[in-house]
Structures are given as C-alpha cells and as structure tokens.
There are 2 protein chains.
Amino acid sequence: MSSERPRPPASPTISEVAAAAGVGRATVARSLGNYGSVSEATRSHVLAVAARLGYRVNSLARSMTTGVTKTLGVVLADVANPFFAGVLRGLSDAAKQEGYDILVLSTNEELSEEKAAVGLLLDKQVDGLIVASAATRNDDLAHLQAVRERGVPIVLIDRLLAGFDADSVVINNREAAREAVATLIEAGHTRIGFVWGPVTVQPAEDLEAMRSVLDGALWSDGERLRGYLDALADADLEFDTSLVTHVIKTETQATRAVSGMLALAEPPTAFFTTETDATVGTLRALRNRRLRCPDDVSLLGFDDTPWADVMEPPLSMVAQPMRDVGARAAELLIARIHGGDDEPLVHEVLPAQMVERGSVRKRKPTLLPR
Amino acid sequence: MSSERPRPPASPTISEVAAAAGVGRATVARSLGNYGSVSEATRSHVLAVAARLGYRVNSLARSMTTGVTKTLGVVLADVANPFFAGVLRGLSDAAKQEGYDILVLSTNEELSEEKAAVGLLLDKQVDGLIVASAATRNDDLAHLQAVRERGVPIVLIDRLLAGFDADSVVINNREAAREAVATLIEAGHTRIGFVWGPVTVQPAEDLEAMRSVLDGALWSDGERLRGYLDALADADLEFDTSLVTHVIKTETQATRAVSGMLALAEPPTAFFTTETDATVGTLRALRNRRLRCPDDVSLLGFDDTPWADVMEPPLSMVAQPMRDVGARAAELLIARIHGGDDEPLVHEVLPAQMVERGSVRKRKPTLLPR
DNA sequence: ATCAACTTTGATACCGGTATCAGAAGGTAG
DNA sequence: CTACCTTCTGATACCGGTATCAAAGTTGAT
C-alpha cells in the first residue's frame, strides 16, 4: 500500500501471529495445527489474526521437527520421453491424491547423474524414492544401498536390478515382446528385424554371445530381446544376429541400422521395435527405400501413441500402461512409508496390451529354400 | 553388519561428526562448508571422519538458516502433454546446470488446483516460481499477487495474463498462426476450419462477439485465433463463425466438431489446428469420412512431433521451441533470484518455426460464385 | 620479553516450526 | 472451604544446520 519499501515483506512467522494475537506461540501452533486443546474463543481469534496477516506455514521448519517432508523423490531418464512423461503423470496424480509432492530429477541414462540425483534427494530428506535406474548388471549399486541404509523406502520402476531387490513396478516385457513377435511369425514372417537391442560396439556373434551381452544390458531391453528369442525358439526359427541393431538409441541411428538390414541379401520382411524413436526411425528407413507398410514390410512396436491410429496404415502397437506404472509405484511407496519394512517386498508386473491395427500383413507362405 | 537392528541408522549429524572427530561443531561446518579458516590438518581429519561416518548434509536444516532452498517451483497443466513435457525437459536441464532442483505440480487447467499448487510451493519456500497459468482475463489473480508480495520471483510461461505483469517467456502465437493460415490461403484455400477456439457453450455469433469471447480465453488460445483472423483480414476473406470449434479439448471432441464442419453445405477445404490432440482428432475425422489429405483437404497445425515426418502425407506443422521456452524461463528466473527486482521486466518472445512437409496442397483457383 | 596482528577453534544464538511439561484457571465433589 | 480433576495456556527444549563472536594459540617485529 505505502509507496516506500516495507523492508521485510516476507511471510509472518508463528511468533508474529502470536504477538499480534496476544497469545503464546504454542497456542497459535495448536490453533493452526488443529491439535491439543484450545478454547473455541481464542482459537477462532488466532485463526482470524493469522488470516489477516496472511500467515503461511513454513514447511521446511515443520519438516525439521517432524522429520517428514511429504515429498517423494523421482529419478528417471528423461521427462520428455513419452513413456516417462506418462509415468510421471500417473505418479504425480497418485502422489497428490495422498498429499505428497514430487521432486523429479532426470539422468539421461547416465549412472553418474543417477548417483548425484539420488544423493541430492536424500539430502533434501525425501520420504521415499522412485527410481528407474540406468544401472546394468555390472554396475555398482552403492548409491541405492545407501538409500536403504538410511532407512528411506525405495521403489524401482520399469527396470529391475540384479544386485538390488526392492519393491518394484514393471511391465511384463518379455512376455509382451514374445507375444508381439509371435504375432509376426504367425503372419508368416521368418526374418524379423529387432530394432534396439543393447548397445555394443560389435554385434553379438551368435546366440551364446548374445545371451551374455544381455547380462550387461538394461533390464527392460534385455527382457524384450529375450521375448524375441523366445518367440523364435517357439517357432523353431533360427536366430540371425545381423537382424538385431546394437546402436545408440536415437531416431537417426535406428534409421541407419534398419537401412542396413534392408540391404541384406535376405532382408527382414517385418520389424519389431522396442520404443517410439525406434519405430519412427524404422518408418523413415522404409520410406527412404520406398517400401510400403504393410504391403512390403510389416511393423509392430512398443509404446502406443495417439498418432498410431491416424497413420497410414494405422500402426499395431504394444501399449504400456504408463500411468498405471506411475500410480502403482506411488501407492506402493506411500504404503511403505506408512507401513514400514516388515511386510514382504512387492513385485508388481503390469501387462502391456497389444493393440492390433493395420501394420502387420499376412505373408504368403513362400516355399522354404531347400 | 551386525544382525541386530541398529536402532537409528539415520544419517549422522554435524554434531556426531564433531564428537567423533573430537572438535567443535563449527569446525566441522567450516571444513565441510569450505569457508572460514581451518588448519589443513584438522580439516582433512574432519573430512575423513565425515566420509567414514557417511555424513550427508541435511538440506532442510541448511535452508532453514540460509533462507535459500535452491529449488524452483513449476506449475503447469499436464506433464504428459508433449508440449509441457518438452518445456519441462528444458527447464529441468537449465535448472540443474545452475544447481537448482525442480518441484513440479500440475493443475489440469483448473484454477483452483493452480492456487493450491502455488500455495504449496510457497510453503515449501521455493526460491522462485514458473507458472503456465490457467487463468483467463476474468479470473482472480490473488494467488499470484501473493507470490509477489512475499518477494518470490515469478516467471510466466506460454501464457501471459491481463492483470499481472511479470517476467515471461512465450511463443509468437499470433504471428505464427497468421503465417500458417496465410500459407493455406496462398495455396488457394478460402474456407479454413480452426480447430480449438476458446471453449463456449454457444459459438460466437459474429466477429464482434468472437472478439469479446477472446477476452475470456486462455492467452495463447486467443492469440492463435487472432492470428487466424488477421490472416483472413489480410486476404479480405469473410469470417465464418461456423468454422471455429468451441468444444472441450479432447481428441474425440475435435473429431466430432470437425465432422460437423465437413458436413456443412460449404465445407472447409483446409484445417488449421492449434494442438496435437486437435490435429490427431482432425485426421481421424478425415479418415472417418474417407477424405484424403492433402488431395481432398489440407492440414496445418501447431506442435511438431517426430511422427509428423513419417505420416502419409508428412504433416506440415508449426514447431514450438519447447525446450527453449523452459530453458529460458529457468535462466530468467535464476537471474532474477540473484539479481533482484531492480532490473526491468523481461518479456521474451520465441519464434515458432513452420515446417513445411506435404499436408498442404495447392488448390485450383475455383471461380468465385458470382 | 612484549605487543600487535593473524590464524585457528569452540561456544552459542538463530532460523520457524513442533512437542513436552508445568502452571493457571475453572469446575465439581466432599 | 479445601481437595482434586479438567481444560487451557505459556515457556521452553529441540530438529540440524549456519553465522557471529570471543578466546586461545601462533607468528613476527621491536
């Protein structure tokens, strides 16, 4: 109101409210906090004064004494990735429902960033942690052990970890991938490209080598490839390592790798993709070669999107229940925060849903080369 | 190590480190905090002890005394919306760069949720606030005024507000929309559907009514519609209110509304869409009516996506620099936090980029009906 | 040996809440 | 009227850091 700067316009503290109301600090706290016993008269008086002064609690100070921040820490790879964005949405909604806030940090799949993120969240005294870890089997998990030692509950999402057991919420990656690839096989495809295996410098030489590569991969990636191998094995199809990409996960790399496969003597007649960027990259490669989907090449991939339905042809896709993953993780974590370590660990596996549209074409059964 | 529960495994405090190291608390703080003067000997000793005990600072306590949380509050509509997801990514990266964390709350475009979110973030003592407000011209902005009164810096993104001036980062919505629609007009289209005007129960009766509707709309929505009107005016085309949708913003509603337009006696030959869901909904409506793009109907819309390029036809779109919006907002806010209120407000306008692909077809100049 | 100037260190107030405890006020019973 | 139990209230310790201040210890110059 006055034109001269009111020096500290900062929010009033409980002491100031107490002074203004002519009562003790504890009485104010009781009135505001709705606990203990306060006479109705003073209580309403205090509330009125607090409202007049525009009092707001200082959550920091409160957390300081209660030891509870009502905040969940979330560590994931990239908030702009549609999958994680969906997860975050579910997470955020469920947490809000229970009166929790969310502190999100992303790691770009870098373990070093993950460690820093986890440390930061611990420092901020989050009540619990939700992590989609970038760690693979060979990595050091000390940062997660540290979380446990401090008694902070933790829920893993999207990826399990070999050396660290905790509550978890994941998709049935292996089975979903197997089912999807089986669909392609049933449609008569025998040469099926797999876009986005684990990154390696050299493609695995044979099935055995591939299996050991899998041990060093992100859990979800490994599972999807295992599902692919399962489907091949079920149908007695031979595994051809040249049909699995091993490139860094960007759209352009996918395009390049798929183009390579299409140039093979015996090119794939179908592709199975494990993520949005892989799908888009594959489509681009097809377009570059003037191949039509599904007439020339069939396509089936992970992660449904609103766009899939208006593509030409409409794309068949494996839809992950992203929001549910987030929501369940939040619920699990909050239950653990309230419940304690006594109950046994929960390992939730949500089913992915195959949405068949029009990108898989039945292939005429060609006579096998003798 | 020991099998019996070590009662409080919680992280050691500065006092415990001090006790273990046989020095005073202040000395520990100095060693750890790297300030004041400590002899090299004690310093390294303290550091060693701290490391051995696994000491981690309690950010809450620190913030308590310093009055700084190194945390930015972010309020937006929906983290799963690709636009906001992109913004968030830019925001998050830029903030991390400067050593800040981000507390995100989403509002689902509900003003009541926005107020709650802002209050919560203030309670948590964020150092600054970034808000994509759901408020329209007629709404009460007391919650934002309160932020200012508490001396917490605030940056508006994506939407400006009539009654509240602050640092801001937005897109040149009006000009970008005008340019896009002008492209359609240059291609010979005169009946251009506008998908997603402001929500109203009744479509505006005429241009005048429309202008007043705009006052009650979300800023960005209004600007895009103004750009559309600008383009029509520039080309001396008459404005037809039946070509503007006024439905709730969901994909299905867009489909329904567009179907309605296509059933008009003189249906649109081109559509301009203002968001991803509007674009997808429009495409679905075209598909339902077996209309082909761009042969039968041209399409141009806001918010580019990786999918646009592999559509049939590849979609021409207006690409918003989402990450830049987020990054600039974070930079601006942090500068304001460090700088103070003295410098004048900054209103940043980032240009959207039109990406021409193949969804706009030149239309044979039909003779105007006499 | 004396004193000033500087370095190193510990003690302690403080941030803004919550929680405990004890005393004051009011009501009822003996 | 005194004893005792409730209800209400204020004073104060505490959470885990930071910041200030004064005391103790060093060093060097005179």
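Letters go in sequence order (proteins before strands), and every chain restarts at 1. These values consider heavy atoms only, across backbone and side chains, with no hydrogens, waters or symmetry-generated copies.
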Select from Glu40(B) and Ala26(A) the residue whose nearest nucleotide in DNA chain C is closer to the 5' end of that strand.
Glu40(B)

If each of Ser39(B) and Thr65(B) is mapped to the nucleotide of DNA chain C with the nearest heavy atom, which maps nearer the 5' terminus, i.e. the 5' end?
Ser39(B)

Is there a side-chain polar atom (N or O) of Ser37(A) under 4.0 Å from OP1 or OP2 of dT7(D)?
no

Give one of base, sugar-phosphate or nothing for Thr42(A), where a contact means two heavy atoms less than 4.0 Å apart.
sugar-phosphate

Going by distance alone, is a donor N or O of one side chain under 3.5 Å from an acceptor N or O of the other, for Lys124(B) and Thr69(A)?
no

Just by distance, with hydrogens left out, do Glu114(A) and Ser133(A) show a side-chain donor and acceptor under 3.5 Å apart?
yes

In the structure I gave you, are the side-chain heavy atoms of Leu122(B) and Val147(B) within less than 4.5 Å of one another anywhere?
yes

Non-hydrogen side-chain atoms of Lys115(B) and Val118(B) separated by less than 4.5 Å
no

So side chain to side chain donor-acceptor pair (under 3.5 Å) across residues 46-56 of chain B, not counting sequence neighbours, yields Asp123(A)-Arg56(B)

Ring-face cation of Arg148(B) near Phe164(B) (centre distance under 6.0 Å, axis angle within 45°):
yes

In the 5' to 3' direction, the nucleotides of DNA chain C bounding the stretch that comes under 4.0 Å of a heavy atom in chain B are dT7(C) to dG16(C)

Residue met sooner reading DNA chain D from 5', once Ile14(B) and Gly22(A) are mapped to nucleotides
Gly22(A)

